[in-house]
Number of protein chains: 2
Amino acid sequence: MDIKILLVDDEPDILEIVGYNLSSEGYEVITAENGVEAVKKAKKEKPQLIIMDVMMPEMDGIEACEQIRNIPELKNTIITFLTARGEDYSQVAGFDAGADDYITKPVKPKVLVSKVKALLRRLKEESINESIVKIGDLTINRDEYKIVLKEEEIVLPRKEFELLSLLASKPGKVFKREEILDKVWGNEVVVGGRTIDVHIRKLREKIGDHCFKTVKGVGYKFVD
Amino acid sequence: MDIKILLVDDEPDILEIVGYNLSSEGYEVITAENGVEAVKKAKKEKPQLIIMDVMMPEMDGIEACEQIRNIPELKNTIITFLTARGEDYSQVAGFDAGADDYITKPVKPKVLVSKVKALLRRLKEESINESIVKIGDLTINRDEYKIVLKEEEIVLPRKEFELLSLLASKPGKVFKREEILDKVWGNEVVVGGRTIDVHIRKLREKIGDHCFKTVKGVGYKFVD
DNA sequence: TATAAAGGTAATAAATTCATAACAAATTTT
DNA sequence: AAAATTTGTTATGAATTTATTACCTTTATA
């Protein structure tokens with residue numbers, strides 16, 4: 001997935017320096033010089049992240065932030081303000097307006113880049129909860145309770161679906177048996193010790209043996 | 001997860017005002033009136049965040065901070081100082097003592113709350129990365145229960161993984177046999193005297209002999 | 001109601017992990 | 001140097017953990 005970042009500042013110098021640093025990290029950078037332009041471009045380009053100066057002509061960052069927050073398609077966009085150190089008031093107003101974080105000026109390129117990475121990591125983790133998950137040639141649609149494997153639709157019984165869903169939510173991660181019981185069966189239900197294995201077996205039959213790796217003494221993981 | 005905040009100040013007014021603001025945001029607030037009490041309560045309650053005045057009777061904030069930083073269970077706790085504007089020296093000393101941030105007095109409630117939120121968000125982000133440890137060309141991934149050595153993936157049985165995990169958690173440190181048994185096998189399990197050696201041997205085979213140094217009469221250590 | 005499907009259990013098989021014993025080698029103490 | 005202590009190595013079998021199958025109960029479906 002290509003990542004778009006909208007950079008908003010009225011100082012061309014800042015746009016250039018910050019933009020350069022982000023571009024060289026492989027991000028697609030779009031710029032705007034004031035709030036009005038920012039809102040317009042945000043709507044059109046749907047960036048994942050907006051880095052915006054607070055003080056700007058035409059429309060300040062706070063107001064632009066509020067307007068952007070009201071665009072439903074952009075509800076998952078992360079908005080970060082650029083603010084001069086010590087501008088206490090603007091910080092408060094910014095959080096009220098729906099900002100997610102702050103970057104203080106003057107901006108050190110390395111700090112900026114690592115902050116951006118951290119923010120995008122957060123975005124990624126949040127998007128895990130979306131109802132459609134794709135891993136390789138497997139698609140899991142929680143909304144419709146079905147999975148698609150190589151163009152072919154497979155319907156799974158509830159427990160199998162939940163189990164697959166859990167494991168596939170973090171490919172590679174080993175889920176402990178205890179954790180699986182908790183999340184798929186619920187922590188109040190008590191089931192026998194071989195129940196998970198049997199369900200794993202059924203999934204292996206239907207989805208493919210190689211997708212489910214056993215880690216003895218620990219649990220299972222889904223691999224791509 | 002419920003969040004506990006330890007608030008330390010010798011002025012009851014501050015405790016009340018700040019405490020009220022944090023409580024009404026849904027945080028669990030614990031208070032202490034001096035450094036000695038702060039250390040004691042920190043140890044007992046294990047708060048995620050400590051907000052502490054620098055100037056206090058009995059034991060000042062700097063010293064309390066140092067003591068708290070030496071409690072291993074609290075290594076991930078964020079410590080923030082309350083400091084009067086312009087007290088530059090205390091800031092420097094505070095960072096040396098292991099403080100993470102500063103809040104200047106007089107405290108504006110909204111600033112305080114948004115700062116606390118930002119700090120806790122940071123805490124959350126840091127804890128995500130804890131499951132991956134890198135030492136030289138060895139990467140240990142506790143989440144996926146696997147290790148990567150020079151681009152190559154190695155899967156270890158549980159005990160070997162736990163043992164490696166322990167030793168590598170503090171490269172250079174010698175872990176006593178007793179300590180290893182405690183942490184890898186659990187203090188209730190009794191195993192024979194050669195068990196650790198055998199596991200070390202297997203790790204030496206798989207990871208490399210030179211990584212594991214024997215300290216006769218004491219235990220083993222991991223070296224880079 | 002009959003039938004099928006889902007979900008769980010129990011019994012047994014298979015595989016892996018791990019502890020141990022027995023001895024060798026190295027190191028320290030006497 | 002000899003004895004004692006501590007660690008290294010290996011093979012082996014017991015214990016643990018997982019896989020598989022058949023079967024039973026419950027729930028949903030026709």
Side-chain angles (χ1 to χ4, degrees), chain A residues 142 144-147 153-167 174-223, chain B residues 142 144-147 153-167 174-223:
Chain A
R142 289 195 64 81
E144 306 185 13
Y145 248 86
K146 73 178 185 189
I147 68 168
E153 200 169 294
I154 303 176
V155 184
L156 292 179
R158 193 164 59 241
K159 283 282 189 284
E160 284 165 45
F161 185 89
E162 296 293 352
L163 178 55
L164 172 61
S165 215
L166 175 67
L167 295 181
V174 177
F175 290 84
K176 301 199 183 74
R177 297 180 93 91
E178 191 194 347
E179 195 177 352
I180 294 173
L181 286 176
D182 245 41
K183 302 211 168 134
V184 177
W185 274 264
N187 40 10
E188 77 295 342
V189 182
V190 180
V191 291
R194 300 273 57 75
T195 301
I196 294 176
D197 310 44
V198 175
H199 283 266
I200 289 282
R201 197 189 162 281
K202 286 174 181 166
L203 284 176
R204 280 176 166 152
E205 231 166 38
K206 291 171 187 171
I207 312 295
D209 194 17
H210 58 285
C211 295
F212 303 91
K213 208 154 165 37
T214 305
V215 181
K216 270 218 160 184
V218 190
Y220 295 93
K221 68 174 160 183
F222 182 92
V223 290
Chain B
R142 289 196 65 81
E144 307 194 4
Y145 251 87
K146 74 180 185 190
I147 68 167
E153 202 170 291
I154 302 176
V155 183
L156 294 179
R158 195 178 61 201
K159 283 280 189 290
E160 284 165 45
F161 186 89
E162 295 293 353
L163 177 55
L164 172 62
S165 219
L166 174 68
L167 295 181
V174 178
F175 289 84
K176 300 197 186 74
R177 296 179 92 91
E178 190 194 349
E179 194 177 351
I180 294 173
L181 286 177
D182 245 40
K183 302 215 168 127
V184 177
W185 274 263
N187 40 12
E188 76 296 342
V189 182
V190 179
V191 291
R194 300 271 59 71
T195 301
I196 293 176
D197 309 47
V198 173
H199 283 268
I200 289 283
R201 201 196 158 278
K202 284 176 181 163
L203 284 176
R204 281 175 167 153
E205 224 168 42
K206 291 171 185 170
I207 313 295
D209 195 16
H210 59 286
C211 295
F212 304 91
K213 208 153 166 35
T214 305
V215 181
K216 269 220 160 183
V218 190
Y220 295 92
K221 69 174 163 182
F222 181 93
V223 290

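In what follows, chains carry the letters A, B, and so on, assigned in the order in which the sequence lines appear, proteins first and then strands, with residues in each chain numbered from 1.
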Exercise for the section: State which residues pass side chain to side chain donor-acceptor pair (under 3.5 Å) with A/K221; sequence neighbours excluded, sorted by chain then number. Expected result: none
Fill in the blank from the handout: In terms of heavy-atom contacts, B/V184 and B/L163 come closest through CG2-CA, 3.9 Å
Practice task
Taking side chain to side chain donor-acceptor pair (under 3.5 Å) as the test, write out the residues that go with A/T195, two or more places apart.
Solution key: none
Protein N or O to nucleotides 27-30 of chain C N or O, pairs below 3.5 Å:
from	atom 1	to	atom 2	distance (Å)
C/dT27	O4'	B/K216	NZ	3.2

Practice task
Examine C/dG8: is either OP1 or OP2 under 4.0 Å from a nitrogen or oxygen in the side chain of A/W185? Give yes or no.
Solution key: yes
Practice task
Quick one: list whatever passes salt bridge (charged side-chain N to carboxylate O under 4.0 Å, His left out) with B/K202, sequence neighbours left out.
Solution key: none
Problem - Full working for side-chain contact (heavy atoms from CB on, under 4.5 Å) between B/F222 and B/V174 - result: CA-CA 8 Å; B/F222 181 93; B/V174 178; over 6 Å; no
Handout entry: A/K176: side chain to side chain donor-acceptor pair (under 3.5 Å) partners, not counting sequence neighbours
Key = none
N/O donor-acceptor pairs under 3.5 Å from side chains in residues 207-219 of chain A, not counting sequence neighbours:
from	atom 1	to	atom 2	distance (Å)
A/D209	OD1	A/R204	NE	3.3
A/T214	OG1	A/R204	NH2	2.8

Problem - Nucleotide range of DNA chain D lying under 4.0 Å from chain B heavy atoms - result: D/dT6 to D/dT10
Practice task
Tell me whether the OP1 or OP2 atom of C/dG7 has a side-chain N or O from A/T195 closer than 4.0 Å.
Solution key: no
Handout entry: DNA chain C contacts made by residues 196-212 of chain B, counting heavy atoms under 4.0 Å
Key = B/V198, B/H199, B/K202
Problem - Distance in Å, A/L203 CG paired with A/I154 CD1, rounded so as to fall on 0.5 Å steps - result: 10.0 Å
Problem - Residues B/K159, B/W185; criterion side-chain contact (heavy atoms from CB on, under 4.5 Å); working and verdict - result: CA-CA 8 Å; B/K159 283 280 189 290; B/W185 274 263; 3.3 Å; yes
Exercise for the section: Please identify each residue that fulfils salt bridge (charged side-chain N to carboxylate O under 4.0 Å, His left out) with A/R201, with sequence neighbours left out. Expected result: A/E205
Practice task
Please name all residues satisfying ring pair (Phe, Tyr, Trp, His ring centres under 6.0 Å) with B/F175, sequence neighbours left out, ordered by chain then number.
Solution key: none
Exercise for the section: Measure the CG-NE2 distance between B/L164 and B/H199 for me, rounded to the nearest 0.5 Å. Expected result: 13.0 Å
Problem - Residues which pass side chain to side chain donor-acceptor pair (under 3.5 Å) with B/E179, listed by chain and number, not counting sequence neighbours - result: B/K173, B/K183
Handout entry: d(CZ, A/R194; C1', C/dA15) in whole Å
Key = 13 Å
Exercise for the section: Check each residue of residues 156-163 of chain B for a non-hydrogen atom within less than 4.0 Å of any atom in DNA chain C, then write out the ones that pass by number, or none. Expected result: B/P157, B/R158, B/K159
